[in-house]
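Following: one structure in C-alpha cells, then a few remarks.
Naming: A, B, ... by sequence-line order, numbering from 1 per chain.
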2 protein chains.
Amino acid sequence: MADMKETIKSVSIDLFFKKGYFATSISDIAKGSGIQKASIYYHYASKEDLLFHILKSTMDDLTTCLKKSLEAVEGIEQRMRAAVQSHVRFHLERQKENFIANSELRGITAEHYRTIVKKRDAYEVIFQDLIRVGAEEGIFADVDVKILSYAILTLCTAGATWYKSNGRLTVAQIADIYENFIISGLKQGSLS
Amino acid sequence: MADMKETIKSVSIDLFFKKGYFATSISDIAKGSGIQKASIYYHYASKEDLLFHILKSTMDDLTTCLKKSLEAVEGIEQRMRAAVQSHVRFHLERQKENFIANSELRGITAEHYRTIVKKRDAYEVIFQDLIRVGAEEGIFADVDVKILSYAILTLCTAGATWYKSNGRLTVAQIADIYENFIISGLKQGSLS
DNA sequence: GAAAATTTACCGACCGGTCGTTAGGTAAAG
DNA sequence: CTTTACCTAACGACCGGTCGGTAAATTTTC
C-alpha cells in the first residue's frame with residue numbers, strides 16, 4: 001500500500017470533488033482511507049490543512065506545467081497556443097483537483113486564501129503578458145487585457161466541470177478546439 | 001417591509017453566495033432576516049427546499065430572458081449576438097443567483113436535480129441550434145457543436161465568478177467584448 | 001356589526017445526531 | 001527506549017428540524 005498520507009489526500013480529492021468540501025466529513029475520508037478518523041490528524045493538522053495542501057500542490061503543479069510548456073517556444077501566437085494547450089490539458093487531466101481549486105476557495109483561512117490567490121495571480125499574469133505583447137505586435141486585436149485573460153482562463157477551467165474522461169472526445173481534441181477558438185477570438189477577425 | 005418569504009430568499013442568496021450553501025446555517029439566515037430560525041420553516045419546508053426555490057426561479061428567469069431577447073431578431077449571426085448579450089447580461093446583473101445555480105447543484109435532492117438539469121439542457125439546446133444552423137449556412141466554422149456551446153455558455157457564466165458591480169467596466173462593455181470574442185471564435189479565422 | 005372561529009406569522013425551547021477535534025493508550029519498528 | 005502510526009473513547013459545539021404555544025389579523029357566523 002502506498003503511504004497513508006497520499007492515500008488520505010487522494011481519497012479527499014475524490015470526495016471533495018464528488019460531494020464538496022463542507023459536505024465531506026472527516027469520517028467519510030477516514031472510511032474511504034480504511035483508517036479511523038482520529039488517525040487523519042496524525043498526518044494533517046486539520047480538515048482545512050488537508051484542503052490547503054490539495055489547493056497548494058495543484059496550483060504549484062499548474063504553474064510548473066505552464067512554464068515547462070512555454071520553454072523554447074518562440075513567437076507570441078505560438079506561445080499563446082502552447083499556453084492554452086497546457087492550461088486545457090492540465091485542467092482535464094487533473095480534473096478533480098482543479099475543480100476543487102476553483103470551487104472550494106471559501107473553505108480555507110484568510111491567510112491561506114491569500115497564498116493561493118497570489119499563486120493564481122502570478123499564473124494569470126503570464127497569460128496577460130502574452131495578450132498584451134500580442135496586441136502591441138498587432139497580432140491580436142486591441143481589447144481589454146484583463147477581461148480577455150479571464151475569458152481564456154475561465155473558459156478552459158470550466159472544462160473541468162463538464163469533462164468526462166470516457167466521453168466522446170479526447171483531451172487532445174478538446175484542447176485543439178479550444179486553442180483555435182481562442183486564437184480566433186484574440187485576433188477578432190476584421191472588427192466591424 | 002417586503003414580505004418575509006422574499007426577505008428570507010434574498011438573505012439566503014447573499015449568504016449562499018458569500019459562504020456557500022453547506023457553510024450557511026439556518027440560524028445564519030434567520031439572523032440575517034431578523035427572525036427566529038423556527039420561523040424559516042413556516043415559509044420553506046426545508047433548507048434544501050429553499051435552495052431549490054432559488055435555483056428554479058433563476059433558471060426560469062434565465063430562459064425567459066433569452067427567449068425575449070431572441071424575439072424578432074433575424075439572421076443567425078445577429079441571433080447569436082443577441083443570445084450572447086442576453087446570457088452575459090443576465091449572469092452579471094443577477095450574479096449571486098447565477099453563481100449559486102452553477103456551484104450548489106450538489107445541495108439538492110436527486111429529483112430536484114433532474115428538474116434543474118432539464119431546464120439547463122433546454123436552455124443549452126437553443127445555443128446549440130444556433131451554432132448548428134450557423135455552420136450549415138456557412139456563417140460559422142464547422143466544429144463540434146456541443147463543445148462550442150459549452151465553451152460559450154461557461155465562458156459567460158464564469159463572468160459571475162469574477163465580476164464586480166463597481167468594477168472598471170460596465171455590464172454593457174463586458175457583454176460587447178464577449179460578443180465579439182465569441183463571434184470571432186465561431187467564425188474560426190475564416191477571415192484570416 | 002359584534003362575537004366566534006379560523007388562519008397567519010411568528011416565537012422559545014428542545015431533540016437526536018453529527019461535526020471537527022483531542023486525550024490517552026498501544027503495538028510494532030528502528 | 002524512542003519514534004512511528006495507528007487505535008478507542010470521548011468532548012463540546014453546532015447542525016437541521018420539530019414542538020406546542022400565541023398574538024394579531026382575517027374570515028365566518030349569527
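- Cluster membership for I116(A) and V125(A), using ILVMFWY side-chain heavy atoms within less than 4.5 angstrom, is not shared.
- Using a 4.0 Å heavy-atom cutoff across all strands shown, Q36(A) reaches at least one base atom of the nucleic acid.
- No donor-acceptor pair closer than 3.5 Å links the side chain of E97(B) to the backbone N or O of I13(B).
- Summary of the strand contacts: F22(A) and K37(B) both lie near DNA chain C, and taking for each the nucleotide with the nearest heavy atom, the more 5' one is attributed to K37(B).
- Distance alone, capped at 3.5 Å, places no donor-acceptor pair between the Y21(B) side chain and the R106(B) backbone.
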Donor-acceptor contacts under 3.5 Å from residues 141-151 of chain B side chains, at least two apart:
{"residue": "D144(B)", "atom": "OD1", "partner": "R168(A)", "partner atom": "NH1", "Å": "2.6"}
{"residue": "D144(B)", "atom": "OD1", "partner": "R168(A)", "partner atom": "NH2", "Å": "3.4"}
{"residue": "D144(B)", "atom": "OD2", "partner": "R168(A)", "partner atom": "NH2", "Å": "3.2"}
{"residue": "D144(B)", "atom": "OD2", "partner": "K146(B)", "partner atom": "N", "Å": "3.3"}
{"residue": "D144(B)", "atom": "OD2", "partner": "I147(B)", "partner atom": "N", "Å": "2.9"}
{"residue": "S149(B)", "atom": "OG", "partner": "Q128(B)", "partner atom": "NE2", "Å": "3.1"}
{"residue": "S149(B)", "atom": "OG", "partner": "K146(B)", "partner atom": "O", "Å": "2.7"}

What are the atom names and distances for every N/O pair under 3.5 Å that joins the protein to nucleotides 19-25 of chain D?
none

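- Taken together through direct or relayed side-chain contacts under 4.5 Å among Ile, Leu, Val, Met, Phe, Trp and Tyr, V11(A) and Y42(A) form parts of separate hydrophobic clusters.
- Legend: residues meeting side-chain hydrogen bond (donor to acceptor under 3.5 Å, both in side chains) with R120(B), ordered by chain and number and at least two apart, are absent.
- Within residues 41-48 of chain A, the residues that place at least one heavy atom under 4.0 Å from DNA chain D are, in residue-number order, Y42(A), H43(A).
- Within the 4.0 angstrom heavy-atom criterion, base atoms lie near S39(B).
- A donor-acceptor pair under 3.5 Å is formed between the side chain of Q173(B) and the backbone N or O of T170(B).
- With rounding to the nearest 0.5 angstrom, the NE2 atom of H91(A) is 8.0 Å from the SG atom of C156(A).
- The hydrophobic clustering, which links ILVMFWY residues whose side-chain heavy atoms are closer than 4.5 Å, places V73(A) and I183(A) apart.
- Taking the 5' to 3' direction, DNA chain C first and last meets chain B under 4.0 angstrom from a heavy atom at dT8(C) to dG12(C).
- With sequence neighbours excluded, the residues satisfying side chain to side chain contact (heavy atoms under 4.5 Å, CB included) with D176(B) are Q85(B), E179(B).
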